[in-house]
Novice: 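Input: one structure, supplied below.
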Amino acid sequence: MSGLMAVATVGSAHAAGRLNVICSADNEWCEMMETAFELSHDIDVSMVRKSSGEAYAQVRAEAANPKLDMWWGGTGDPHLQAAAEGLTEEYKSPQLGDLNDWAVRQAENANYRTVGVYAGALGIGYNNDLLAKKGLPAPKCWEDLKNPAYKGEIQVANPNSSGTSYTVLATLVQLFGEEKAFDLLKEIHKNVNQYTKSGSAPIKAAAVGETTIGITFMHDMVAQIKQGANLTVVSPCEGTGYEVGSMSIIKGARNLENAKIWAEFALSPKTQSIAEDAHSYQVPSNKESKIPDGAPRLTELKLIDYDFAKYGDAQTRRHLLSRWDDEVKTAPQ
């Protein structure tokens with residue numbers, strides 16, 4: 001937690017009171033953000049951790065009587081959907097000019113009702129020991145995952161609850177076209193041993209030998225490797241999608257000014273540079289922030305031109321999730 005005391009000097013704005021935050025990043029990072037903020041501000045934070053899909057569902061359910069002030073972290077698509085539905089507040093940070101282009105584009109796509117705070121690319125991770133023990137080929141591409149040799153060896157999250165897994169779904173549709181993507185998903189489904197609620201759970205399971213292959217963001221794989229797991233990180237040969245982890249102020253927030261203070265705190269390079277202390281290896285949005293050691297460099301990956309506006313759209317999202325429920329989840333294994 002060496003970065004916490006440094007962050008305590010961020011910003012001079014102080015406001016007594018409360019702030020209710022829903023956090024969709026990994027739990028350790030959520031807790032570190034809460035601690036660092038309370039160290040530097042006279043504001044009592046009440047935080048709950050939920051995956052992106054669950055957070056969006058709560059924000060939507062409470063729209064008539066919001067109990068939350070700030071939604072921090074999690075994949076950008078549900079943040080864009082919340083923005084399109086008027087569930088979040090327009091806010092233009094004075095730090096926008098200090099942010100990477102992808103973070104600013106996220107804000108522009110949402111009419112400034114959200115903003116990018118970090119980015120990370122999807123990948124395939126596998127447990128080297130299990131792969132060798134079972135004599136399995138190493139996956140290199142999305143298409144490889146339909147190989148019957150992997151039956152019962154793959155874990156991935158449910159895209160209804162997990163923003164990570166919705167990004168996988170949207171990525172495959174953009175790479176292959178919708179029909180071919182769903183054909184591939186149905187083939188991969190035959191090899192899936194569990195659909196988890198959390199996006200990072202599959203690679204955590206692979207790290208401890210509970211599954212051979214996990215599909216999630218590469219930075220979550222790096223975090224497990226840094227803690228000693230014997231994993232290999234694969235950037236799929238066809239190309240891969242990425243997330244712009246986002247932050248949104250809730251429309252009708254009871255503690256609006258405190259939410260804006262959190263927003264400035266969260267976009268500052270000092271705050272973003274402590275992510276590595278929480279074993280989080282995403283690329284931060286502020287250009288002055290320190291990129292964590294080992295973080296996948298987006299410029300070195302074969303990234304698709306991910307259409308955040310389209311796949312963050314409520315109608316597109318509902319269509320794809322409904323089709324996944326009807327055709328993939330319920331398909332025989």
Side-chain angles (χ1 to χ4, degrees), residues 1 3-76 78-79 81-83 85-91 93 95 110 113-118 161-163 197-201 245-268 270-272 274-275 277-280 282 284-285:
M1 295 251 178
L4 285 181
M5 294 313 296
V7 173
T9 64
V10 172
S12 57
H14 286 255
R18 298 187 57 79
L19 183 67
N20 297 305
V21 179
I22 192 164
C23 182
S24 297
D26 236 28
N27 197 54
E28 187 177 0
W29 198 4
C30 294
E31 290 175 357
M32 181 176 282
M33 285 290 290
E34 178 181 4
T35 301
F37 185 77
E38 289 183 334
L39 275 172
S40 54
H41 299 87
D42 183 24
I43 298 171
D44 181 31
V45 176
S46 175
M47 179 180 282
V48 62
R49 197 274 161 199
K50 288 190 177 180
S51 63
S52 305
E54 293 176 306
Y56 162 71
Q58 180 174 338
V59 170
R60 196 163 187 255
E62 295 176 356
N65 183 25
K67 297 177 175 61
L68 299 166
D69 304 306
M70 169 61 69
W71 177 11
W72 183 81
T75 51
H79 281 270
Q81 187 173 351
E85 294 178 7
L87 300 174
T88 51
E89 187 79 37
E90 181 180 327
Y91 179 67
S93 167
Q95 297 183 79
R113 292 176 183 268
T114 195
V115 66
V117 287
Y118 58 79
S161 63
S162 161
K197 190 158 72 169
S198 158
S200 60
S246 298
M247 169 176 68
S248 306
I249 297 174
I250 306 303
K251 184 78 173 175
R254 299 173 188 178
N255 302 292
L256 179 59
E257 293 309 309
N258 290 348
K260 291 176 180 177
I261 291 171
W262 174 285
E264 294 312 310
F265 165 84
L267 290 173
S268 73
K270 281 186 178 178
T271 300
Q272 292 192 356
I274 67 167
D277 293 346
H279 306 105
S280 292
Q282 291 90 329
S285 64

Novice: For V45, run the side chain to side chain contact (heavy atoms under 4.5 Å, CB included) check against E34, M70, M33 and tell me which one passes.
Specialist: E34
Novice: I need the S51 OG to D26 CG distance, nearest 0.5 Å.
Specialist: 11.5 Å
Novice: When you measure from the side chain of R254 to the backbone N and O of P66, does any donor-acceptor pair fall under 3.5 Å?
Specialist: yes
Novice: Between Q272 and A266, is there a donor-acceptor pair closer than 3.5 Å when you use the side chain of the first and the backbone of the second?
Specialist: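 Checking the backbone N and O of A266 against the side chain of Q272, a donor-acceptor pair under 3.5 Å is found.
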Novice: Has S161 got a side-chain atom pairing as donor or acceptor with K197's backbone, closer than 3.5 angstrom?
Specialist: yes
Novice: Ignoring hydrogens and geometry, is there a side-chain-to-backbone donor-acceptor pair from T114 to M247 under 3.5 Å?
Specialist: yes
Novice: Donor-acceptor check, side chain of H79 to backbone of R113, threshold 3.5 angstrom: yes or no?
Specialist: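 Flag not set: sc H79 to bb R113 has no pair under 3.5 Å.
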Novice: Only counting residues at least two apart or in another chain, list the ones meeting ring pair (Phe, Tyr, Trp, His ring centres under 6.0 Å) with W29.
Specialist: W72, Y118
Novice: Is Q95 reaching over with its side chain to a backbone N or O of E264, donor-acceptor style, under 3.5 angstrom?
Specialist: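 At least one qualifying donor-acceptor pair exists.
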Novice: Under the rule for side chain to side chain donor-acceptor pair (under 3.5 Å), what residues qualify as partners of E85, not counting sequence neighbours?
Specialist: Y56, R60, Q81
Novice: Please confirm whether the backbone N or O of N20 pairs with a side-chain atom of D69, one donor and one acceptor, at under 3.5 Å?
Specialist: yes
Novice: Could you walk me through whether S280 and E28 pass the side-chain hydrogen bond (donor to acceptor under 3.5 Å, both in side chains) test, one step at a time?
Specialist: CA-CA 9 Å; S280 292; E28 187 177 0; over 6 Å; no
